[in-house]
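Here is the structure we will look at, set down as structure tokens.
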Amino acid sequence: MKRSLSRPLRAVFALCALLCVAPAASVRAFSDIERFPRSVQEGGGGGRLFTGSPADGYACSVCHLGGEEPSVIVYGLPIDGYVPGQTYDVEVAWNNVAGSHALHLEIVDEATKRGAGRVSLIDPATIDARGRCGSLPNEKPADYILEGEGRQIIGSQGCGASSVRFRFTAPNVPEIVFAGSVVRAGEPQASPKGDGVQNLNRVLRRAGEPNQAASTCALTAARRSGAGLWCGVLLMLALALRLSRARR
Amino acid sequence: VIGRKSCVLAVFVSAFTACADPTTELVLTTPSAKQFEEQVYPLLLRDCGFPACHGDYRRFFRVFGPGRVRYRDETRPFAPATAEEIQESYGRARSMLANEDGVEHSPLLRKPLHADHGGDDEWGKNVYSKETDPGYVLLKRWARTGGSAP
């Protein structure tokens, strides 16, 4: 029995066919710091600042993709527990062998998803070459700060710096999240394609709180390895069943 | 041998039974284009239209606009959205509402909440964490403007 398509179904297929032959689209990256806080109609984030934190969700990886991940190291985080009111000097550094790097990071309260504590840039006069454009001692500092809607975002422009330093004064809440996203620009520089992204997520707890320094990366990995374990068990069972049948 | 015959027969019976159902129709509604442009399009740009997500050319559902993927290469990256981009995004969003069981069960309203949607963020959450999320409420309200048949 041959079944003819209903009118709405034909309309959907026609629409699909039309859309499939639509012209190729272009892809562009954010080009300047001021663009991020703007409305989406102006090409901004519309409230998203792409730190990957629980306050935002999305990281740089929603736009930048396809390239090699940058190698990033974070120094100075109070991973053994932070003391409320205490100020910590934190540095995020990356291997700057190839490609410019840019970053957005923030520290948020796990419970409220709002900014936690206080972050500030260090005195520009004390910034060494690594924190400056081109990693050159006389260039301008690459760091900046964006504030609004209860969030503080530390950023580094993609101008050739190889680290960013900032100060963080801890809040009196049980748990905070340090989250950031670092992009290494690939070629061509004007496009987000070919860029590599490293997302940084770390749950930090107040000194004295249980389960110090749990890492969300570790939790994610544990969940994945759990699924892998069950797959492995099922595979082994299937194999054993097949072997026992073959013996009969 | 009897087992195989039964199996083949069962497959044929089930296949013909499925095709013979005359009531199964895909319903394509026409939700408000005005509300889409004013409210839903900015929402989709904010939450969906990124190059690695629904700006990717390999996806059917795509959203085009400033600071994201442009529909035409010659459009400047941050130029205002063109009428063509809004229309194109509307058409694709509208198609995502087509569903045999009505818009409530359509991919556009189901996937942003669904566990297997690829849009989970760094924390394993989906685009909208629950149905009361303001973004989801807006999307649903718009979807219903075209009726929620059947």
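Convention: sequence-line order gives letters A, B, ...; per-chain numbering from 1.
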Do B:F50 and A:L65 come close enough that some side-chain heavy atom pair is under 4.5 Å?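 A side-chain contact is absent here, since even the closest heavy-atom pair is not under 4.5 Å.
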
Please indicate whether A:R114 has more than 12 foreign heavy atoms, meaning atoms of other residues, nucleotides or ligands, lying under 6.0 Å from its CZ.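 Result for CZ/A:R114: open.
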
Does atom CD of A:E34 have more than 12 heavy-atom neighbours, drawn from other residues, nucleotides or ligands, at distances under 6.0 Å?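 Count over threshold, so yes.
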
Candidate pair B:F78 and A:R35, rule side-chain contact (heavy atoms from CB on, under 4.5 Å), full reasoning: CA-CA 9 Å; B:F78 297 107; A:R35 188 71 62 174; 3.4 Å; yes

Taking all non-hydrogen atoms of both residues into account, name the closest pair between A:P192 and B:P51 and its distance.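 The pair with the smallest heavy-atom distance is CG-CG, 4.3 Å.
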
Locate the shortest heavy-atom distance separating A:E42 from B:P66; write the atom from each residue and the value.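 Closest pair (atom of A:E42, atom of B:P66, distance): C-CB, 4.3 Å.
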
Who in residues 38-47 of chain B is close to chain A, using a strict under-4.5 Å heavy-atom cut-off?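 Those residues of residues 38-47 of chain B which have a heavy atom under 4.5 Å from chain A are B:P42, B:L45, B:R46, B:D47.
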
State which residues pass side chain to side chain donor-acceptor pair (under 3.5 Å) with B:K140; sequence neighbours excluded, sorted by chain then number.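 Only B:E131 meet the side chain to side chain donor-acceptor pair (under 3.5 Å) criterion with B:K140.
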
